[in-house]
Amino acid sequence: MGFTLIKGQFMPKAGAPDGDSVRFKPNNLDLLKKLEGVKAVIGTGVKTKDTVQLRFEGIDAIEKGATKPLSVEAKDNMMKLIGTSIDTPEPRGYILARMTDPHGRVIAFAFSGTTSRVDGSEVFLEATLLGKSVNYKQLLAGYAYPLYYNTLFASLRNKFNKALKQAKRRNRGYWMLDKTLLGVTVNGKNSLATIDPVWPKLWRRFEEYLRSNANMDNFISWLDRKNERVVLIDSTDETGLANVVNVQGNTVSLTQRPENLMIITTIERG
């Protein structure tokens with residue numbers, strides 16, 4: 001499972017970090033050319049110069065506009081995990097990456113501190129090393145949901161699930177209030193800031209849908225038209241995201257655990 005190791009600094013003040021993303025300044029920008037997908041978008045502004053936006057692989061934190069204080073706590077925990085402090089606002093770290101997303105963000109496993117490995121070297125990411133990543137620790141702390149794409153290796157997914165199981169069992173972070181399977185009542189766009197936490201991908205679909213709809217009556221048909229495809233991991237059956245969502249009035253839930261869903265995507269070439 002070869003990933004490119006890229007050393008640098010985490011740069012939270014260069015952007016708007018949240019529980020699963022932060023800006024990063026590589027020591028060697030040329031290493032970004034090794035990644036699959038579209039060309040990584042490199043910042044050019046006063047604060048963002050020579051930085052890229054990271055998207056943490058395998059996890060999904062609730063959005064900034066979702067329920068507080070959980071959205072703030074998730075960001076704060078991520079900042080602690082990357083090593084941010086008053087004395088160290090731009091901590092050293094490194095990432096392991098293979099690709100970018102369609103928006104030019106680097107999909108990465110993030111690690112705080114330093115490593116003796118050579119910058120730009122190819123690293124085999126196995127379960128033990130994954131356990132040292134910010135991604136894994138954020139899931140373990142209960143401040144992230146699983147978000148598994150078909151580009152994530154099964155062995156890494158299984159390791160993530162061990163962290164998820166612990167977080168759920170101990171009611172950490174989101175899990176004391178999570179309503180992904182039980183359902184939340186969505187009464188218009190304003191309610192999105194106060195509903196109990198749910199799988200963030202579902203929350204984002206609420207937000208997108210409610211830009212032009214007042215209630216949830218047509219949510220399933222809207223999802224169906226988007227035709228986002230998922231695989232049910234336990235059965236390997238492929239289906240539409242619309243088919244694993246249930247709507248009763250304005251109450252919406254998933255019918256599958258997020259960790260049983262594998263999102264189908266393709267790598268866009270630049």
Side-chain angles (χ1 to χ4, degrees), residues 8-25 51-97 105-115 125 127-148 152 156-157 159-180 192-204 257-259:
Q9 289 176 273
F10 297 107
M11 306 288 286
K13 292 184 178 180
D18 58 22
D20 60 17
S21 65
V22 68
R23 294 198 75 85
F24 182 76
K25 185 175 183 179
T51 68
V52 293
Q53 184 69 40
L54 301 183
R55 195 190 87 193
F56 294 168
E57 175 73 280
I59 68 170
D60 202 4
I62 62 176
E63 301 295 327
K64 298 182 186 74
T67 184
K68 293 179 175 59
L70 287 174
S71 56
V72 176
E73 290 173 3
K75 180 198 73 174
D76 290 347
N77 195 66
M78 184 279 297
M79 297 276 278
K80 179 180 70 174
L81 290 173
I82 63 174
T84 304
S85 68
I86 294 175
D87 296 328
T88 312
E90 299 173 351
R92 290 284 175 186
Y94 59 98
I95 62 172
L96 297 179
R105 298 177 296 185
V106 176
I107 303 170
F109 295 92
F111 298 82
S112 64
T114 60
T115 176
L125 179 58
T128 300
L129 182 56
L130 174 63
K132 299 177 181 179
S133 69
V134 173
N135 312 46
Y136 181 88
K137 293 175 182 178
Q138 189 76 325
L139 194 63
L140 184 65
Y143 286 121
Y145 286 83
L147 183 62
Y148 300 153
L152 181 68
L156 302 181
R157 192 174 66 226
K159 176 69 173 180
F160 272 133
N161 282 342
K162 292 180 179 179
L164 177 65
K165 186 176 181 179
Q166 287 190 52
K168 285 184 175 184
R169 186 172 66 243
R170 298 178 184 179
N171 279 328
R172 292 173 175 164
Y174 305 150
W175 295 108
M176 187 174 293
L177 297 173
D178 171 68
K179 295 297 189 300
T180 299
L192 296 183
T194 58
I195 60 174
D196 285 332
V198 296
W199 191 42
K201 187 174 180 70
L202 182 61
W203 189 96
R204 289 191 292 272
R257 293 171 290 110
E259 62 267 33

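Residues: numbered from 1 along the sequence shown.
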| task | Return the set of residues passing side chain to side chain donor-acceptor pair (under 3.5 Å) with Arg157 (not counting sequence neighbours), or none when no residue passes. | result | none
| Under the 3.5 angstrom rule, does the side chain of Thr88 hit a backbone N or O of Pro91 as a donor-acceptor pair? | no
| query | What distance do Asp20 atom CG and Leu139 atom CG have between them, rounded to the nearest 0.5 Å? | reply | 11.5 Å
| Could you go step by step and tell me if Arg172 and Leu140 meet the side chain to side chain contact (heavy atoms under 4.5 Å, CB included) rule? | CA-CA 8 Å; Arg172 292 173 175 164; Leu140 184 65; 3.5 Å; yes
| message | Can you see whether Asp178 engages Tyr145 through a side-chain donor-acceptor pair at a distance of less than 3.5 angstrom? | response | yes
| said: Going by the rule ring pair (Phe, Tyr, Trp, His ring centres under 6.0 Å), which residues pair with Phe56 if we only count those two or more places apart in sequence or in a different chain? | reply: none
| message | If I take atom CG from residue Leu70 and atom NZ from residue Lys75, how far apart are they, to the nearest 0.5 angstrom? | response | 14.0 Å
| field | Shortest non-hydrogen contact between Leu164 and Trp175, atoms and distance | value | CD1-CZ2, 3.4 Å
| query | With distance as the sole test, does Lys179 use its side chain to make a donor-acceptor pair with the main-chain N or O of Leu177 at under 3.5 Å? | reply | yes
| Residues two or more places apart in sequence or in another chain: which of them pass side chain to side chain donor-acceptor pair (under 3.5 Å) with Asn161? | Tyr148
| task | For atom NZ of Lys68, decide whether the heavy atoms of other residues, nucleotides or ligands shown that lie under 6.0 angstrom number more than 12. | result | yes
| request: Would you please test Phe160 and Leu130 for side chain to side chain contact (heavy atoms under 4.5 Å, CB included) and show each step? | output: CA-CA 8 Å; Phe160 272 133; Leu130 174 63; 3.8 Å; yes
| Roughly how far, to the nearest 0.5 Å, is OG1 of Thr115 from CZ of Arg92? | 14.0 Å
| field | By salt bridge (Lys or Arg N to Asp or Glu O under 4.0 Å) - contacts of Lys64 (at least two apart) | value | Asp18
| Taking every non-hydrogen atom, the tightest pair across Met78 and Val134 | CG-CG1, 4.4 Å
| request: Might you work through the side chain to side chain contact (heavy atoms under 4.5 Å, CB included) test for Met11 and Val22, ending with a clear yes or no? | output: CA-CA 7 Å; Met11 306 288 286; Val22 68; over 6 Å; no
| field | Closest non-hydrogen atom pair between Pro17 and Pro12, with its separation | value | CD-O, 3.4 Å
| query | Could you give all pairs that pass the side chain to side chain donor-acceptor pair (under 3.5 Å) test and reach residues 129-139, with sequence neighbours left out? | reply | Asn77-Gln138
| task | Please examine the side chains of Leu147 and Ile59, heavy atoms only from C-beta on, and report whether any two atoms are closer than 4.5 Å. | result | no
| Residue pair Ala97 / Val106: nearest heavy atoms and the distance that separates them | CB-CG1, 3.8 Å
| query | Under 4.5 Å between any side-chain heavy atoms of Tyr143 and Glu73, yes or no? | reply | yes
| message | Just so I know, are the side chains of Phe10 and Thr84 near enough to count as touching, which here means a heavy-atom distance under 4.5 Å? | response | no
| query | So, Arg105 side chain and Arg55 main chain: donor-acceptor pair closer than 3.5 Å or not? | reply | no
| Trp203 side chain to Leu192 main-chain N or O, any donor-acceptor pair under 3.5 Å? | yes
| field | Check ion pair Glu259-Lys168 (N to O, under 4.0 angstrom) | value | yes
| field | Heavy-atom side-chain contact between Ser112 and Leu81 under 4.5 Å | value | no
| So do Leu54 and Ser21 actually touch side chain to side chain, heavy atoms under 4.5 Å? | no
| said: Any non-hydrogen side-chain atom of Arg204 less than 4.5 Å from a side-chain atom of Asp60? | reply: yes
| Looking only at heavy atoms, what is the nearest atom pair of Thr67 and Pro197, with distance? | CG2-CD, 4.1 Å
| message | As a quick check of understanding, evaluate side chain to side chain contact (heavy atoms under 4.5 Å, CB included) for Ile62 and Trp199, giving each step before the final call. | response | CA-CA 8 Å; Ile62 62 176; Trp199 191 42; over 6 Å; no
| query | What class does the angle between the rings of Phe111 and Tyr94 fall in, given that below 30° is parallel, 30 to 60° is tilted and above 60° is perpendicular? | reply | parallel
| query | Which residues satisfy the side chain to side chain donor-acceptor pair (under 3.5 Å) test with Glu90, sequence neighbours excluded? | reply | none
| remark: d(Ser85 OG, Lys80 NZ) to nearest 0.5 Å is 13.0 Å
| message | When you compare the side chain of Gln9 with that of Phe24, does any pair of heavy atoms fall below 4.5 Å? | response | no
| request: Grab the two heavy atoms, one from Ala110 and one from Ile95, that are nearest each other, plus how far apart they are. | output: CA-CG2, 4.2 Å
